[in-house]
Amino acid sequence: MATSISLQRYKVLLAGIFSQLLCVGVARFAYTPLLPVMQGGGLLSDAEGGWLAALNYAGYMLGAVLAASTGSLVLKDRLYRVGLLLAVVTTLGMALADNVALWAVCRFLAGLSSSASMLLASGLILHWLIAHGRRSELGIHFAGLGLGIVLAALAVELLLALSIDWRGQWLWLGILGAVLAIPAWRWLPPPASRAASASRKPATIRPVSAIFLCLMMPAYFCAGYGYVVNATFLVAIVEREPSLSGAGNWAFALVGLSAALTVVMWDFIARHVGYLGALGLAMTVQVVGIWLPLFSTSLPALWLSAALYGGTFLGCVCLVLTMAGRLYPDNPARLMGQLTLAYGAAQIIAPALTGVLVETTGDYRLGLWLAGALVGLGALILMVLKRLDRTAQRLDAEARAS
């Protein structure tokens, strides 16, 4: 029995990883390396590229609301599977569409699908881990997000090497997504029955103080703003620098690889300095990663910037969602959804504003300055929260004791 549970645990975690590869890697982040390809063909302006990214994150935010508004495991499971299908269909839709309005619909629905792996899958996996007496950490699950970035970057680089145009690239990515959907669907077991879901005990709630939410939400907004600027425009930023031309997809792949390799590390750091301490440290390091290209456009500086950014942004997400799981072990999506609204709002505002700034100023410098400054502000807010709030202090104490 113990061996069977252990084997199932690996399949559950792998299902989550494959869902990240599909919903986040292919359906969401393939847009980043394909953006300069589409812009190079005269299909998108800087502002339009930013608005499409903003709509993608608006879809994700709607998904966060849906995830937070349902306590039914059966419904969560069904929405998760709908998200997998949406990820495939919207990726193929980018190949079939031929104007900005249709792409906007596809990007919005792709964002909606990404919440299936980021929130619904993580909540279902957390529930399964807790129910089977396993450690309630999501580092392994979210490593799939980093691997998804690597997959998207390398897939686009390969397709470019084969001289496949933007439409063909979206088509091949859609086919790849259909393959990834199979283990993501099959290996995450559905709830036992509707009756089992309906008869669940009320969620175990550990009261969260008002000051915790009042400070945590703006801090997470700041983290989201800094994250999404690089996540959306990194390849375009690199490709516009003559000395770095051709390195954009490789830099984006390094971002994903760094994220996959370091996300579990932040769980271990949290056990020594607490969740808030680890989160503040990650955001401080991320500021360096965001601002480094402003001081040097050399190739070593680019690799270091990509590694620092990749090694921190996913750790921030994982730490926050793990905190939500500890505070609401039976229904982590409740707090996940609230915090993701703040994170998602930043993801809508940041790419749209950055696109407009680029079109106005002619480069990404002002956008990068603003992104780094907001992440730094978020780290300062976390320092204040850690000193003032009992919920934060309790979480940090539990992290160090685990």
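Predicted model only: the values in this text are computed from it and were never measured.
- Between Thr232 and Tyr57, the side chains place a donor N or O and an acceptor N or O closer than 3.5 Å (distance only, hydrogens not considered).
- Two residues are said to be in side-chain contact when any heavy atoms from C-beta on lie closer than 4.5 Å; Gln39 and Glu48 fail this criterion.
- Looking only at distances, a side-chain donor or acceptor of Thr354 sits under 3.5 Å from a matching main-chain atom of Ala350.
- For an aromatic pair to be called close, the ring centres must be under 6.0 Å apart, and Phe295 with Trp369 satisfies this.
- With a 4.5 Å cut-off on side-chain heavy atoms, Arg78 and Val82 do not count as touching.
- A salt bridge links Arg81 and Asp77; the closest N-O separation between the charged side-chain nitrogens and carboxylate oxygens is under 4.0 Å.
- Remark: the backbone N or O of Leu159 is not paired with any side-chain donor or acceptor of Gln169 at under 3.5 angstrom.
- Between the side chain of Thr312 and the backbone N or O of Tyr309 there is at least one donor-acceptor pair closer than 3.5 Å.
- Between Leu368 atom CG and Ser305 atom OG the span is 8.5 Å, to the nearest 0.5 Å.
- Looking at heavy atoms from C-beta onward, Trp266 lies in side-chain contact with Leu281 at the 4.5 angstrom threshold.
- Under the side chain to side chain contact (heavy atoms under 4.5 Å, CB included) rule, Val88 has a single partner from Leu92, Thr91, Thr90, which is Leu92.
- When every heavy atom of Leu257 is checked against every heavy atom of Val150, the shortest pair comes out as N-CG2, 3.1 Å.
- Residues Leu319 and Leu279 share a closest heavy-atom pair of CD1-N, 3.7 Å.
- With hydrogens and angles ignored, the 3.5 Å screen pairs a side-chain donor or acceptor of Ser114 with a backbone N or O of Gly111.
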Where do Met216 and Leu385 land on the side-chain contact (heavy atoms from CB on, under 4.5 Å) test, with the steps shown first? CA-CA 8 Å; Met216 191 68 209; Leu385 175 61; 3.9 Å; yes
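- Scanning all heavy atoms of the two residues, the minimum distance from Cys106 to Met94 falls at CB-SD, 3.6 Å.
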What's the verdict on side-chain contact (heavy atoms from CB on, under 4.5 Å) for Leu96 and Leu171, showing C-alpha distance, side-chain angles and the deciding distance? CA-CA 8 Å; Leu96 300 177; Leu171 179 61; 5.8 Å; no
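- Using modelled atom types, one side-chain atom of Ser72 and one backbone atom of Leu75 make a donor-acceptor pair closer than 3.5 Å.
- No donor-acceptor pair under 3.5 Å is formed between the side chain of Tyr220 and the backbone N or O of Val320.
- Geometrically, Arg28 engages Tyr60 in a cation-pi contact, judged by NZ or CZ lying under 6.0 Å from the ring centre and within 45° of the ring axis.
- Heavy atoms only, all atoms of each residue included: Pro351 and Ala346 are closest at CD-O, 4.1 Å.
- In this structure, CD in Glu239 is found 5.0 Å from OG in Ser245, a value given to the nearest 0.5 Å.
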Leu299/Trp303 under side-chain contact (heavy atoms from CB on, under 4.5 Å): CA gap, chis, key distance, verdict: CA-CA 6 Å; Leu299 198 58; Trp303 299 141; 3.4 Å; yes
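- A 6.0 Å sphere centred on CH2 of Trp291 holds more than 12 heavy atoms belonging to other residues, nucleotides or ligands.
- Side-chain atoms of Gln347 do not come within 3.5 Å of backbone N or O of Val228 as any donor-acceptor pair.
- Within the model, atoms CG of Leu158 and CD1 of Ile164 stand 7.5 Å from one another, a figure rounded to the nearest 0.5 Å.
- In this structure, Phe221 has its ring center at least 6.0 angstrom away from the ring center of Tyr343.
- Taken from CZ in Phe29 to CG in Leu34, the straight-line distance is 13.5 Å, to the nearest 0.5 Å.
- No donor-acceptor pair under 3.5 Å is formed between the side chain of Ser19 and the backbone N or O of Ser117.
- Looking at heavy atoms from C-beta onward, Leu339 lies in side-chain contact with Met217 at the 4.5 angstrom threshold.
- Listed for the Arg167 side chain is a donor-acceptor partner under 3.5 Å among the backbone atoms of Ala95.
- Separating the OG1 atom in Thr262 from the CG atom in Leu314 is a distance of 7.0 Å, to the nearest 0.5 Å.
- Between Tyr31 and Val26, the closest side-chain pair of non-hydrogen atoms is not below 4.5 Å.
- Counting heavy atoms from C-beta outward, Leu304 and Pro300 have side chains that stay 4.5 Å or more apart.
- Nearest heavy atoms, Ala371 versus Ile290: CB-CG2, 4.2 Å.
- With Leu112 as the fixed residue, the side chain to side chain contact (heavy atoms under 4.5 Å, CB included) test singles out one of Leu79, Leu66, Asn56: Leu66.
- Here the OH atom belonging to Tyr364 is positioned 5.0 Å from the CG atom belonging to Asp46, to the nearest 0.5 angstrom.
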Before giving the answer on side-chain contact (heavy atoms from CB on, under 4.5 Å), spell out for Val12 and Gln8 the whole-Å C-alpha distance, their side-chain angles and the decisive distance to 0.1 Å. CA-CA 6 Å; Val12 167; Gln8 191 175 12; 4.3 Å; yes
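- The aromatic rings of Tyr227 and Phe313 lie parallel to each other, with less than 30° between the two planes, well short of the 60° mark.
- With a 4.5 Å cut-off on side-chain heavy atoms, Leu353 and Leu357 count as touching.
- Between Val156 and Phe252, the closest side-chain pair of non-hydrogen atoms is not below 4.5 Å.
- In plain terms, the two heavy atoms of Ala181 and Leu84 that are nearest each other are O-CD1, 4.3 Å.
- Aromatic pair Trp166/Trp103: centroids less than 6.0 angstrom apart.
- Met383 CE: 12 or fewer foreign heavy atoms inside a 6.0 Å radius.
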